[in-house]
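First the structure, in the form of structure tokens, and then the observations on it.
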Amino acid sequence: MASIELSKLDLDELKQLQQDVEKAIKNFEAHRKQEALAAAEATAREMGFSLRELIGDAPKGKRVANPPKYRHPENPEVTWTGRGRQPAWFKEALETGKSLDDFLIARK
């Protein structure tokens with residue numbers, strides 16, 4: 001490891017060195033965390049599980065969007081996940097006698 005003569009640095013150089021060290025530590029920790037996550041995922045896959053199945057949720061810090069479950073019959077770009085409040089188009093269609101199954105997106 002390189003030795004730095006701290007006593008020969010002025011205040012600005014010391015502050016810059018401190019910032020550089022803090023950044024290097026954060027990068028090192030983030031890299032190690034990614035390695036650990038990848039190893040945990042690989043081990044879970046080897047045993048026939050997903051990491052999500054084992055820990056019961058997505059890894060901390062990552063949100064997984066729910067896939068859409070229902071599609072608007074006239075405009076396929078308009079979808080709804082089936083969570084939260086029903087969209088107006090969905091409510092109106094149900095009031096006219098349509099069923100939930102009429103809007104289901106086929107799953108493969």
Side-chain angles (χ1 to χ4, degrees):
M1 185 165 100
S3 178
I4 300 173
E5 284 287 331
L6 298 177
S7 61
K8 293 184 179 180
L9 300 177
D10 66 23
L11 182 59
D12 289 336
E13 292 171 324
L14 287 169
K15 287 184 178 184
Q16 184 60 51
L17 180 61
Q18 182 181 26
Q19 289 176 352
D20 293 345
V21 168
E22 288 174 1
K23 184 177 179 181
I25 289 171
K26 285 181 185 177
N27 288 340
F28 180 84
E29 289 174 341
H31 181 70
R32 292 291 305 265
K33 196 176 198 179
Q34 283 300 111
E35 287 177 341
L37 181 60
E41 288 173 340
T43 301
R45 268 194 312 275
E46 287 174 9
M47 305 204 67
F49 299 100
S50 71
L51 187 57
R52 187 177 207 185
E53 287 175 307
L54 297 176
I55 62 174
D57 202 350
K60 196 171 189 176
K62 293 183 180 181
R63 292 190 62 141
V64 178
N66 291 317
K69 187 173 180 181
Y70 302 101
R71 176 169 284 136
H72 191 286
E74 295 159 12
N75 185 355
E77 292 183 13
V78 178
T79 60
W80 179 48
T81 63
R83 294 181 174 218
R85 296 178 70 170
Q86 292 178 339
W89 62 267
F90 197 82
K91 276 185 177 178
E92 291 169 8
L94 291 177
E95 288 170 2
T96 62
K98 298 249 184 196
S99 74
L100 295 174
D101 295 337
D102 295 331
F103 304 102
L104 276 176
I105 296 173
R107 300 280 180 218
K108 293 179 183 176

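On a predicted model such as this, the values are computed, not experimentally measured, just so you know.
- Considering OG1 of T43 and CE of M47, their distance stands at 8.5 Å, rounded to 0.5 Å.
- Residues S50 and A44 share a closest heavy-atom pair of C-CB, 4.0 Å.
- The two residues W80 and R85 make their nearest non-hydrogen contact at NE1-O, 3.4 Å.
- Closest heavy-atom contact between K69 and T81: CB-O, 3.4 Å.
- Residue L6 belongs to a hydrophobic cluster whose other members are I4, L9, L14, L17, V21, I25, with links defined by side-chain heavy atoms closer than 4.5 Å.
- The stretch residues 3-28 participates, sequence neighbours left out, in these side chain to side chain donor-acceptor pair (under 3.5 Å) pairs: Q16-D20.
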Taking distance alone, no hydrogens or angles, what donor-acceptor pairs closer than 3.5 Å link side-chain atoms of residues 94-105 to residues at least two apart or in another chain?
unit_1 : atom_1 : unit_2 : atom_2 : d
T96    : OG1    : A93    : O      : 2.7
S99    : OG     : D101   : N      : 3.4
D102   : OD2    : S99    : N      : 2.9

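- Qualifying salt bridge (Lys or Arg N to Asp or Glu O under 4.0 Å) partners for R32, counting only residues two or more places apart in sequence or in other chains: E35.
- The ring-ring contact (aromatic ring centres under 6.0 Å, His included) pairs that include a residue from residues 20-51 number zero, where partners must be two or more places apart or lie in different chains.
- Evaluation of the salt bridge (Lys or Arg N to Asp or Glu O under 4.0 Å) test over residues 73-83, restricted to residues two or more places apart or in two chains, returns none.
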